[in-house]
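Any value given below was found using the heavy atoms of this structure, including those in side chains, with hydrogens, waters and symmetry copies removed.
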Amino acid sequence: MRSVELVFDEESDAGVRRAWDALIERGLPSAGRHAGATNAPHVTLAVLDGTDRAGAEDARLLSGLAGRLPLELALSGIILFGDGPRRVLACPVIVAADLLALQREVAARLGGAERVIPHAVPDAWTPHVTLARRMPVDRLAEALDLVGDAPSRVRAVRMRVWDAEAKRVFAVGEGQSASASAR
């Protein structure tokens, strides 16, 4: 499985990490608890499964799209995904025309919607910045109080491909080198 992600400038990254850290300080689940060197605040554009193409090849196929960055993204409130006793806590991204066009082009270049898992298919995609996974429902009010200062805007400046099988990140764009690290 591979994902295509937009990552942020330093200021935006730091703003999201402050929300991650606030959750950690209170002993709550947080995306910041993941210790992998490649763990960074991001917006996922596509998640692919069932292809034998390598992450480096995906990055090459997408390289022409790097010129569409940076993108200014507006975040709006908090969204919850899932059901049951634990949820994903995230900041939804307001879908602007340029972001939607980029996401559709990513899906098209990587083989069309049939290669993209259902929640990332164009027209069914909910762009977001994850703050925590597996948040207990009975601690949501506490978590919401802590993440109220999450950024309302972020600036996406880079695109990357995370190849879960190879455990590597591949930068998208001319002259960018791939970095390897377990996630």
Original post:
Linking I/L/V/M/F/W/Y whenever any side-chain heavy atoms sit under 4.5 Å apart, do Val4 and Trp125 land together?
Top reply: yes
Subject >> From CA spacing to verdict: side chain to side chain contact (heavy atoms under 4.5 Å, CB included), Thr126, Phe81 >> reply: CA-CA 10 Å; Thr126 304; Phe81 294 109; 3.8 Å; yes
Between [atom1] on residue [X] and [atom2] on residue [Y], distance to nearest 0.5 Å:
{"X": "Leu6", "Y": "Arg158", "atom1": "CG", "atom2": "CZ", "result": "10.5 Å"}
{"X": "Glu11", "Y": "Arg153", "atom1": "CD", "atom2": "CZ", "result": "12.0 Å"}
{"X": "Arg139", "Y": "Leu144", "atom1": "CZ", "atom2": "CG", "result": "12.5 Å"}
{"X": "Arg104", "Y": "Asp123", "atom1": "CZ", "atom2": "CG", "result": "4.0 Å"}
{"X": "Arg60", "Y": "Phe170", "atom1": "CZ", "atom2": "CZ", "result": "13.5 Å"}
{"X": "Trp162", "Y": "Leu48", "atom1": "CH2", "atom2": "CG", "result": "14.5 Å"}

Show the atom names and distances, to 0.1 Å, of all donor-acceptor pairs under 3.5 Å that link a side chain in residues 85-95 to residues at least two apart or in another chain.
| unit_1 | atom_1 | unit_2 | atom_2 | d |
| --- | --- | --- | --- | --- |
| Arg86 | NH1 | Arg134 | O | 2.9 |
| Arg87 | NE | Gly84 | O | 3.2 |
| Arg87 | NH2 | Gly84 | O | 3.3 |

Is the side chain of [X] donor-acceptor paired with the backbone N or O of [Y] at a distance under 3.5 Å, no angle test?
{"X": "Asp13", "Y": "Phe8", "result": "no"}
{"X": "Arg109", "Y": "Leu61", "result": "yes"}
{"X": "Asp149", "Y": "Ala19", "result": "no"}
{"X": "His34", "Y": "Gly32", "result": "no"}
{"X": "Ser30", "Y": "Trp20", "result": "yes"}
{"X": "Gln103", "Y": "Leu45", "result": "yes"}

**OP:** Start with the C-alpha gap between Leu102 and Met159, add the side-chain angles, then the distance that decides, and say whether side chain to side chain contact (heavy atoms under 4.5 Å, CB included) holds.
**Re:** CA-CA 11 Å; Leu102 178 61; Met159 190 182 308; 3.9 Å; yes
Original post:
What closest approach, in Å, do Leu23 and Leu131 show between heavy atoms, and which atom pair accounts for it?
Top reply: CD1-O, 3.8 Å
**OP:** Would you indicate whether Arg133, at its atom CZ, is surrounded by more than 12 heavy atoms from other residues, nucleotides or ligands within a distance under 6.0 Å?
**Re:** no
Original post:
Can a salt bridge be assigned to the pair Asp58 and Arg2 using a cut-off of 4.0 Å between side-chain N and carboxylate O?
Top reply: yes
Run the side-chain donor-acceptor check on residues 66-79: report pairs under 3.5 Å with partners two or more places apart or on a different chain.
| unit_1 | atom_1 | unit_2 | atom_2 | d |
| --- | --- | --- | --- | --- |
| Glu72 | OE2 | Arg155 | NE | 2.7 |

